[in-house]
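Quick notes on the structure that follows.
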There are 2 protein chains.
Amino acid sequence: MDQVFKALADPSRRAILDRLHASNGQTLTQLCEGMAMSRQAVSKHLAVLEAGNLVVCQWRGREKLHYVNPVPIQDIYDRWIGKYERDRLRALADLKRALEDNRDG
Amino acid sequence: MDQVFKALADPSRRAILDRLHASNGQTLTQLCEGMAMSRQAVSKHLAVLEAGNLVVCQWRGREKLHYVNPVPIQDIYDRWIGKYERDRLRALADLKRALEDNRDG
DNA sequence: TTGACAGGCAACCATATGGTTGCATAATTC
DNA sequence: GAATTATGCAACCATATGGTTGCCTGTCAA
């Protein structure tokens, strides 16, 4: 779980995920196009995404195809975001009450 | 948005959010209890959470009360995770097909 | 009014991170 | 089989990050 959050923390990696989301199964070279950094840098980012299981690879000859794996993102929602969403109104009410208490006192 | 992801990337900060989620409106000193690090470290983490607007503060005398703000988390879901969730089945189908194509070829 | 308490600021440190370059290896293609 | 293409590995570098310690300020209570 930590590796997923870590992987998502970098904007370049989120950009890579977005590109794969737009067109799944791209090679490293394809992903490098228009990425304003060296192939090695992109490769490292992909390694981090793989470590977080956000991207899954498939070798075809000398090409490495990259696919988005949506499962960890779903997990983050289920185990983490959903929990906060559920109590969203309560949290906002807490904030509001704190502000009001302060105004009164 | 980037600051929100950055804030969520650290396990200590997620722990702080969880503690506030369990009991909202805690002071710095309260949050430090059982946190295996100095007050300054916790204070820095809270500053990062505030920068990402995940935590909102309210001064009461010499005490600083901390409240979870659920809005950025909701935003992440709306603008980011939801997008991937929507195409989850398609992405999984992509993966499956890639594996099968490889098996055939 | 003096001491204790809650918190902030600044300097410092070790390690993690994001990036680079150079070279090596495996698969194509001519 | 030789050149090209796709990728990996390793060393290196600057900066970001997470942590510490020491000291300062403001508030509350005896």
Side-chain angles (χ1 to χ4, degrees), chain A residues 1-20 23-67 98 101-102 105, chain B residues 1-20 23-67 98 101-105:
Chain A
M1 193 62 129
D2 189 48
Q3 287 183 302
V4 181
F5 277 108
K6 280 274 172 62
L8 290 175
D10 186 86
S12 302
R13 285 194 287 270
R14 294 199 301 276
I16 290 176
L17 272 189
D18 275 338
R19 295 186 64 163
L20 285 179
S23 170
N24 218 354
Q26 293 186 66
T27 67
L28 171 58
T29 311
Q30 286 176 319
L31 286 169
C32 283
E33 284 161 23
M35 277 297 287
M37 70 181 74
S38 71
R39 177 176 56 84
Q40 286 310 317
V42 176
S43 180
K44 278 193 187 182
H45 281 309
L46 285 169
V48 176
L49 289 167
E50 287 174 54
N53 204 30
L54 283 158
V55 161
V56 173
C57 298
Q58 168 72 27
W59 280 92
R60 190 179 60 191
R62 64 182 164 180
E63 290 182 325
K64 192 181 182 187
L65 307 182
H66 299 81
Y67 292 87
D101 284 359
N102 189 263
Chain B
M1 192 65 129
D2 189 49
Q3 287 183 303
V4 181
F5 276 108
K6 279 274 172 61
L8 290 174
D10 186 87
S12 301
R13 285 194 287 270
R14 294 200 300 277
I16 290 176
L17 272 189
D18 275 339
R19 296 186 61 162
L20 284 178
S23 170
N24 220 353
Q26 294 186 65
T27 67
L28 171 59
T29 311
Q30 286 175 318
L31 285 170
C32 284
E33 285 160 22
M35 276 297 287
M37 71 182 75
S38 72
R39 176 176 57 83
Q40 286 310 316
V42 176
S43 180
K44 278 192 188 182
H45 282 308
L46 285 169
V48 175
L49 289 167
E50 286 174 54
N53 204 30
L54 283 158
V55 161
V56 173
C57 298
Q58 169 72 27
W59 280 93
R60 191 178 61 189
R62 63 182 163 178
E63 290 182 325
K64 192 181 182 187
L65 308 182
H66 299 83
Y67 292 87
D101 284 359
N102 189 263
R103 193 191 300 148
D104 293 345

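In what follows, every chain begins at residue 1, and chains take the letters A, B, ... in the order their sequences are listed.
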- Message: If you compare every side-chain N and O of A/Thr29 against the phosphate oxygens of D/dT7 (OP1, OP2), does one of them come in below 4.0 Å?
- Response: yes
Indicate every side-chain donor-acceptor pair of residues 40-49 of chain A with a distance under 3.5 Å to a residue at least two apart or in another chain.
from    : atom 1 : to      : atom 2 : distance (Å)
A/His45 : ND1    : A/Arg13 : NH1    : 3.2

- Item | Position toward the 5' end of DNA chain D (nearest nucleotide), A/Lys6 or A/Leu65 | A/Leu65
- Which residue, A/Gly61 or A/Arg39, contacts DNA chain C at a nucleotide closer to its 5' end, judged by nearest heavy atom? A/Arg39
- Message: For D/dG19, does the base pair up with any side-chain atom of B/Gln40 as donor and acceptor (N or O, under 3.5 Å, distance only)?
- Response: no
- Could you work out which one of C/dG19, C/dG7, D/dT7 sits closest to the side chain of A/Trp59? D/dT7
- Query: Between CG of B/Leu17 and CG of B/Leu8, what distance do you get to the nearest 0.5 Å?
  - Reply: 6.5 Å
- Item | Non-neighbouring partners of B/Asp2 that pass side chain to side chain donor-acceptor pair (under 3.5 Å), sequence neighbours left out | A/Arg14
- Note on the structure: Quick note, B/Lys44 side chain, CB onward, closest among C/dG7, D/dT20, C/dG19 is D/dT20
- Query: Which is true for A/Glu63 with a 4.0 Å heavy-atom rule: it touches a base, it touches only sugar-phosphate, or it touches nothing?
  - Reply: sugar-phosphate
- Message: Between the base of D/dG18 and the side chain of B/Arg13, is there a donor and acceptor pair under 3.5 angstrom?
- Response: no
- Query: Atom CG of B/Asp10 and atom C1' of C/dT17: how far apart are they, to the nearest Å?
  - Reply: 14 Å
- Separation of atom NE2 in A/His45 from atom P in D/dG8, rounded to whole Å: 15 Å
- Check step by step if side-chain contact (heavy atoms from CB on, under 4.5 Å) holds for A/Ile16 and A/Ser12. CA-CA 6 Å; A/Ile16 290 176; A/Ser12 302; 5.5 Å; no
- Note on the structure: Rounded to whole Å, the CD-P distance (B/Glu50 to C/dG8) equals 8 Å
- Message: Nearest 0.5 angstrom please: B/Cys57 SG to B/Lys64 NZ, how far?
- Response: 4.0 Å
- B/Arg60 has an atom CZ; how far is it from atom P of D/dC28, in whole Å? 10 Å
- Rounded off to whole Å, could you give me the CE-to-P distance for the B/Met37 and C/dC13 pair? 22 Å
- Between C1' of D/dG19 and CD1 of B/Ile16, the distance in whole Å: 13 Å
- Message: Rounded to whole Å, please give me the gap between NZ in B/Lys64 and P in D/dT25.
- Response: 19 Å
- Message: Can you tell me whether the side chain of A/Arg62 and the base of D/dT5 have a donor-acceptor pair closer than 3.5 Å?
- Response: yes
- Gap between atoms CG and C1', on B/Leu28 and C/dC5 respectively (whole Å): 12 Å
- Query: For DNA chain C, whose closest nucleotide is more 5', that of A/Ala36 or that of B/His66?
  - Reply: B/His66
- Task: Using only side-chain N and O atoms of A/Thr27, determine if any of them is under 4.0 Å from OP1 or OP2 of D/dA6.
- Result: no
- Message: Considering every strand and a 4.0 Å limit on heavy-atom distances, what is the contact class for A/Ser38: base, sugar-phosphate, or nothing?
- Response: base
